[in-house]
Amino acid sequence: MTTFRIPSSPCLRPTLVAAIAIWAPFPSLLHLRAAAQEPVELEGLVVTASRWAEPEWAVATHATVISGAELERRGIEDLAEALRRVSGLAVVRSGSFGAIASVFLRGGESDYTRVLVDGVPVNDPGGSVDLSGLTTDNIERIEIVRGAASALYGSDAMSGVVQVFTRRGSGSPSGTLSAALGTFGTRRWRGALAGGDGSTSYSFSLGRSETDGVLAFNNQHYRTTFSGRVQGQLDPATDAALSVRYTDRTFHHPTDGSGAVTDSNSYTHSDALLLGLQVGHRWSDAFETGATFTLNDSDHGSQDAPDGPDDNVGFFGSASLSGVRRSAVGVRSVYRPEAATTLAAGYEREHQSVRSLRRDLSEWGTSSSSSENERGNHAAYAQLSSRLAELALNGGVRVESNERFGTVATWRAGAVWLLLSGTTRLRLAGGSGIKEPTFYETYAAGFVTGNPELRPETSVGFEAGLDRDLGQWAELRATAFSQRYRNLIQYTSRPPDDPTPNFENVARARSSGIEAEVEAEFRELSARASYTWLDTEVEDAGFDSLPGSVFVEGEPLMRRPERTAAVSASYTVGASFGIEATLRHTGERTDRDFSTYPASPVLLPGHTVVDISAELELASPAAGRPGLSLNVRIENIWREEYQEVLGFDGAGRAIYLTGKVMWGLRDR
């Protein structure tokens, strides 16, 4: 994690602020007018917290920024791994590389975090998101904003937002070509090209990774990723940007739902296209407008053929395919009567559709089913932020009008005070969130009956934070939060001839906790530490009544650790050598043993994983000569045995060696 620091020169600050604003999601294409008054020290910029670039000190919610350059130095290839050190956030992967990787932010469900790539939603309708398909290829940075944020981003932002920003090229053409080998039969390669002048910029990358997995057979994972961004100045007052990310992958898994290794040929496959187009026009120094188009078009499937001629008892084979499409258009106006005040209003229209096919083989014959459904959503919103000397205020409202669940309003508000000559920040923030029902919960037919009358799940959260700057060498941050989740959708079984829907808004839960972080730098040595204490509770179990149910009244929410901590230290020698060690501790958490019926509650023990990485630059790129670097990364160096999901073992020790050839100017 890193803080972007803006040079103190009053000539450079406006240029950098405008540059960052150009490549952020939609409103960031719009020009940010520099302040004409006294220079103001900006410790950094955060875009996701308000959908335009704001000074870091003015952001009321707890936000974290991870730079792409840092991830590259550490040898991190996957977004899920990049998020593991973030306070308030727990990553859970159900098995080997390529298995479903979920994120639990501030105790919320795994579908309560809005995940975006350049403003394009990665979540399926209803919030479900699998991070195993997202790599760190061509990433400029990642922003994590905690707390309910549906007033900014609509559905799914119940607990927070994670946004990936694609790298923006600049300068003369430069590129890299890397290749890696490692444990578990890992092979990787990636190529990247970037550049740009004053009016046009571009960046592209293409990569492929393959692994045999941690299990003895049928555990391969293959993934190909293409990422690109092109941006240009159409005229002195108009600019546009186009970003694209395409992923194609296959994951082989011999395990059943309990983790037992039973199948020799089952696998899942998917491909996803994320496309974002933003256009902005500046009518005057105070007034700007813009338009966006986003598309998430993905296909997911599974194949499980009979294992052999004797595999013909019960249900012995299946195949499924589903296509999901989310497309949206939006328009927005931004008015800045002065440099420190911004008022924005906008409208968004989204269309969602899901198509699914399934075929099952059994000793009773072959059965098949199909469905095709769609829905639309309209949203209007308004936002305001203002900075008055040592005080920053922000707020916003959003009204959603959905074809299925009707009209819902969400809000957010925050305040920041700078104290003690700017060395201390006091933050207060609150907001509400919604998550729309999934298509299955709404439209299911056959053995399960959906409920078209479902309302969205809702959340309300508050937080208070205190940040302290200890001169040039350390910074402390502490945040206390509380969130309540209402109208949680649950399934209940009913007799086959009962037409009553199987899904209802009946459950309630809460979470609260403390997030603490410290960063310190002393010459070539830097260190970071984070700690999270989380308390969750099911307040109303709804239909669940058994001790092994997913929701048990009075008990913690499943798979949320009460305590997590991370400590890292790095040492660098100029730009030629760097080494870093990271320790991550995950405390005990509850789970369920689904190999039996009814399921029984279990307690997963805590675990501690230590990683170490080092990068050595053997030659710097120069005119007419490429550069060369080597990176070695060792994960789980002490071979800790652990499970993030009951029955699915985590990876043991792994060693990866990456060689990289660079030409053109370095992007460090």
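We're numbering straight along the sequence, starting at 1. Worth saying up front: this structure is predicted, and the values here are computed from it rather than measured.
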Polar side-chain atom of Gln163 near backbone of Gly119 as donor-acceptor pair, under 3.5 Å
yes
Ignoring hydrogens and angles, tell me if any N or O in the side chain of Ser266 forms a donor-acceptor pair with the backbone of Asp263 under 3.5 Å.
no
How would you list, by chain and number, every residue that makes a side chain to side chain contact (heavy atoms under 4.5 Å, CB included) with [X], sequence neighbours excluded?
{"X": "Ala179", "answer": "none"}
{"X": "Ser482", "answer": "Ser512"}
{"X": "Ala478", "answer": "none"}

Could you walk me through whether Arg249 and Ser132 satisfy the side-chain hydrogen bond (donor to acceptor under 3.5 Å, both in side chains) test, starting with their C-alpha distance in whole Å, then the side-chain angles of each, then the deciding distance to 0.1 Å, before giving a yes or no?
CA-CA 10 Å; Arg249 67 191 193 95; Ser132 62; 2.8 Å; yes
Close side-chain approach of [X] and [Y], heavy atoms under 4.5 Å:
{"X": "Asn265", "Y": "Asp304", "result": "yes"}
{"X": "Phe204", "Y": "Ser227", "result": "no"}
{"X": "Tyr222", "Y": "His252", "result": "yes"}
{"X": "Ile66", "Y": "Val86", "result": "yes"}

Please give me the minimum heavy-atom distance between Glu457 and Ile489, naming the atom from each residue.
OE2-N, 2.7 Å
Heavy-atom pair with the smallest gap, counting every atom of Leu557 and Gly107
CD1-O, 3.4 Å
Quiz item: cation-pi between Arg106 and Phe481, 6.0 Å / 45°:
yes
Going by atom types only, do [X] and [Y] share a side-chain donor-acceptor pair under 3.5 Å?
{"X": "Asn631", "Y": "Thr658", "answer": "no"}
{"X": "Thr250", "Y": "His269", "answer": "no"}
{"X": "Arg427", "Y": "Thr479", "answer": "yes"}
{"X": "Arg468", "Y": "Thr424", "answer": "yes"}
{"X": "Ser629", "Y": "Glu617", "answer": "no"}
{"X": "Thr166", "Y": "Asp118", "answer": "yes"}

Determine whether Asp467 and Arg477 satisfy the following criterion, salt bridge (charged side-chain N to carboxylate O under 4.0 Å, His left out), listing intermediate values before the conclusion.
CA-CA 4 Å; Asp467 306 337; Arg477 292 183 294 272; 5.4 Å; no
Pair [X] + [Y], salt bridge at N-O below 4.0 Å:
{"X": "Arg84", "Y": "Glu81", "result": "yes"}
{"X": "Asp469", "Y": "Arg425", "result": "no"}
{"X": "Arg187", "Y": "Glu77", "result": "no"}

Derivation and outcome, salt bridge (charged side-chain N to carboxylate O under 4.0 Å, His left out), residues Glu615 and Arg73
CA-CA 6 Å; Glu615 185 177 55; Arg73 286 193 299 269; 5.6 Å; no
Using atom types as modelled, flag every donor-acceptor pair under 3.5 Å from a side chain in residues 94-101 to any protein atom, sequence neighbours excluded.
unit_1, atom_1, unit_2, atom_2, d
Ser94, OG, Ile100, O, 3.4
Ser96, OG, Val214, N, 3.2
Ser96, OG, Asn219, OD1, 3.2

Less than 3.5 Å apart, which donor and acceptor atoms pair up between the side chains of residues 564-573 and the rest of the protein, not counting sequence neighbours?
unit_1, atom_1, unit_2, atom_2, d
Ser568, OG, Arg85, NH1, 3.0
Ser570, OG, Ser526, OG, 2.6

In terms of ring plane angle, is the pair His253 and Phe251 parallel, tilted or perpendicular, where the classes change at 30° and 60°?
parallel
Which word best sums up how the rings of His607 and Tyr642 line up, parallel for under 30°, tilted for 30 to 60°, or perpendicular for over 60°?
parallel
Tell me every residue that passes ring-ring contact (aromatic ring centres under 6.0 Å, His included) with Tyr246, counting only those two or more places apart in sequence or in another chain.
none
What about Tyr112 and Tyr485, are their ring centers closer than 6.0 Å?
yes
